[in-house]
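Everything below concerns the one structure shown next.
Every chain is numbered from 1 and lettered A, B, ... according to where its sequence line falls, protein lines coming before strand lines. None of the values given here were measured: they were computed from a predicted structure.
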Number of protein chains: 2
Amino acid sequence: MIGLAGSIERRNGVSLWRQIADRILQAIASGDFLENAALPPEVVLAERYGVNRHTVRSAIAALVQEGVLKAEQGRGTFVLSRKRLSYPIGARTRFSTGLQGQTTERHIALLSSSTEPAIRRVAEALAIAKGAAVIRLETRGEADGHPVSRATTWFDARRFAGIEDAMAETGSITASLERFGINDYLRQSTVLSARHADADDLAALDLQPGAIVLVTVAVNVTLDGQPIQFAEARFPAERVELRLSANE
Amino acid sequence: MIGLAGSIERRNGVSLWRQIADRILQAIASGDFLENAALPPEVVLAERYGVNRHTVRSAIAALVQEGVLKAEQGRGTFVLSRKRLSYPIGARTRFSTGLQGQTTERHIALLSSSTEPAIRRVAEALAIAKGAAVIRLETRGEADGHPVSRATTWFDARRFAGIEDAMAETGSITASLERFGINDYLRQSTVLSARHADADDLAALDLQPGAIVLVTVAVNVTLDGQPIQFAEARFPAERVELRLSANE
DNA sequence: TATAGTTGTCTATATCAATAGACAAATTCC
DNA sequence: GGAATTTGTCTATTGATATAGACAACTATA
């Protein structure tokens, strides 16, 4: 459904207020409301969704808490935050350059790093032996101070020893790979899915529980096709959309 | 998070049993369980997620209802359904050819059609005047008898008058466009997001309420760049993943 | 200054969600 | 046959979710 409409389901394990909050977020993110625009009054929303006014209030309260809406007694409820960020995905997907023009500042924060044996899917993606040592980086992408992605990245530990230090210093995957003599790389494959955010995502992305994350699982390769990086990234669906560009 | 793990959130508007059902679905879809494999016993799952056994039972009951699991008293609970379908997206995205090899039969069912004035976003996408007549098709993609997508598609009514009949006959967008002299077309842009399924999606895709859908908004163009089709498609996240291929 | 329109707060009630414990029923395996 | 394991059913209790109605507090404007 496009727009604010679409009906609401009961007894599904998702509370009515959460469903309504989702709808409102969706409408705002799709640009159905201008910034600072007033939402329809609570009574109208309640009637539109066929629920009690208090239920609508719960949804609004959650979004106010989240910083998306601002309620003013006597006046109305107003939209604070803007459209979703549009994150481009293609052969030359790069975090920083992808958000140019939409944000003034962006970087990748290294949350933690570790060395571990590769589980099957990591080993297959990187074309190394199962159980071989890999470096795992836990990172968060930030734009203008807001978290926009949460990623887990694996590198072959033999080839990229110390890449965690490079990441911590530079805040950029591209810059870190340059230190290992890789000046260009391509995205070989991306697989896309979606799910509810787990506790880790919620904390790192500053989400309200119940939020949805888009999940990309990707392999980056050198120009001659050698896999160098395997990553699972989570994007908050209410703040980010993914744009697949035909060119590149 | 990769796997069955990842913790559970309380007081978020999404019930615990729904969150656990999501996790189990995710794990099955990612291939963590073979077909006919036994799930860990309820007591184990309850401990793993830190909830009461009855809560796990609610999650399992929902999945049994949905046809994903089968519970047998005294024996265990078993996985019925298979891995997710992997739907490729690229410059030459086609419904039928994309699922070749994964399914034996697929077609697009026309649910309804209508002619209406173009709203702003449709007009912009098709590069026609706002309010100009467009044909809207409501369709469902089916593979081996199971619904895998639900789409709303718009065409310029002047250029594609009667395309709804072609769709009803052929069950294919590609075949229908051929009747209008279009033998090849490219996907110009795809924008990807995710949200909870609304009532319409739930019914058309045979989903349990609370399910998540992946949403693609795409424009198809002729080889010389003329927009011919604008579409919003919804895919059940628990049954379909989107694969972005580097080539094409 | 009234009045209409809006958000905020309160009380009450019913249903759903989650926990807790106990035991029955079916299966598997010794 | 008997023990261990597993799912199925039942009762009871607590807190979250949703409905209902009434009224207060604040804003804008006629």
For residues 67-74 of chain B, dump all side-chain donor-acceptor pairs below 3.5 Å to protein atoms at least two apart in sequence or in another chain.
from, atom 1, to, atom 2, distance (Å)
B:Lys70, NZ, B:Glu72, OE2, 3.4
B:Glu72, OE1, B:Arg75, NH1, 2.8

Whole angstroms only, please: what is the [atom1]-[atom2] distance between [X] and [N]?
X: A:Ile60; N: C:dT7; atom1: CD1; atom2: P; answer: 7 Å
X: B:Glu42; N: C:dA18; atom1: CD; atom2: C1'; answer: 15 Å
X: B:Phe78; N: C:dT28; atom1: CZ; atom2: C1'; answer: 11 Å
X: A:Trp17; N: C:dC16; atom1: CH2; atom2: P; answer: 19 Å
X: A:Arg18; N: C:dC16; atom1: CZ; atom2: C1'; answer: 18 Å
X: B:Tyr49; N: C:dT19; atom1: OH; atom2: P; answer: 14 Å
X: B:Leu45; N: D:dT6; atom1: CG; atom2: C1'; answer: 12 Å
X: B:Lys70; N: D:dT6; atom1: NZ; atom2: P; answer: 18 Å

Scoring nucleotides 20-29 of chain D by protein non-hydrogen atoms under 4.0 Å (B base, S sugar-phosphate only, - none) yields BBB--BBSS-

What's the spacing between B:Thr55 OG1 and B:Trp17 CH2 if we round to 0.5 Å?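 It comes to 11.0 Å.
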
Charged N to carboxylate O below 4.0 Å: is that the case for [X] and [Y]?
X: B:Glu238; Y: A:Arg195; answer: no
X: B:Arg140; Y: B:Glu142; answer: yes
X: B:Arg234; Y: B:Asp201; answer: yes

Item to complete: Look at the side chain of A:Arg57 and decide which nucleotide, out of C:dA17, D:dG8, C:dT7, has an atom nearest to it.
Response: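 It is C:dT7.
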
*Which is true for A:Thr77 with a 4.0 Å heavy-atom rule: it touches a base, it touches only sugar-phosphate, or it touches nothing?*
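A:Thr77: backbone/sugar contact only, no base atoms under 4.0 Å.
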
- Message: Which residues pass the side chain to side chain contact (heavy atoms under 4.5 Å, CB included) test with A:Ala38, not counting sequence neighbours?
- Response: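 Residues passing side chain to side chain contact (heavy atoms under 4.5 Å, CB included) with A:Ala38: A:Phe78.
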
Exercise for review: Examine D:dT19: is either OP1 or OP2 under 4.0 Å from a nitrogen or oxygen in the side chain of A:Thr55? Give yes or no.
Suggested key: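 For A:Thr55, the contact criterion (side-chain N or O under 4.0 Å from OP1 or OP2 of D:dT19) is met.
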
- Task: State, without any angle test, whether B:Glu138 and B:Thr152 hold a side-chain donor-acceptor pair at a distance under 3.5 Å.
- Result: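 Note: B:Glu138 and B:Thr152 side chains meet the donor-acceptor criterion.
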
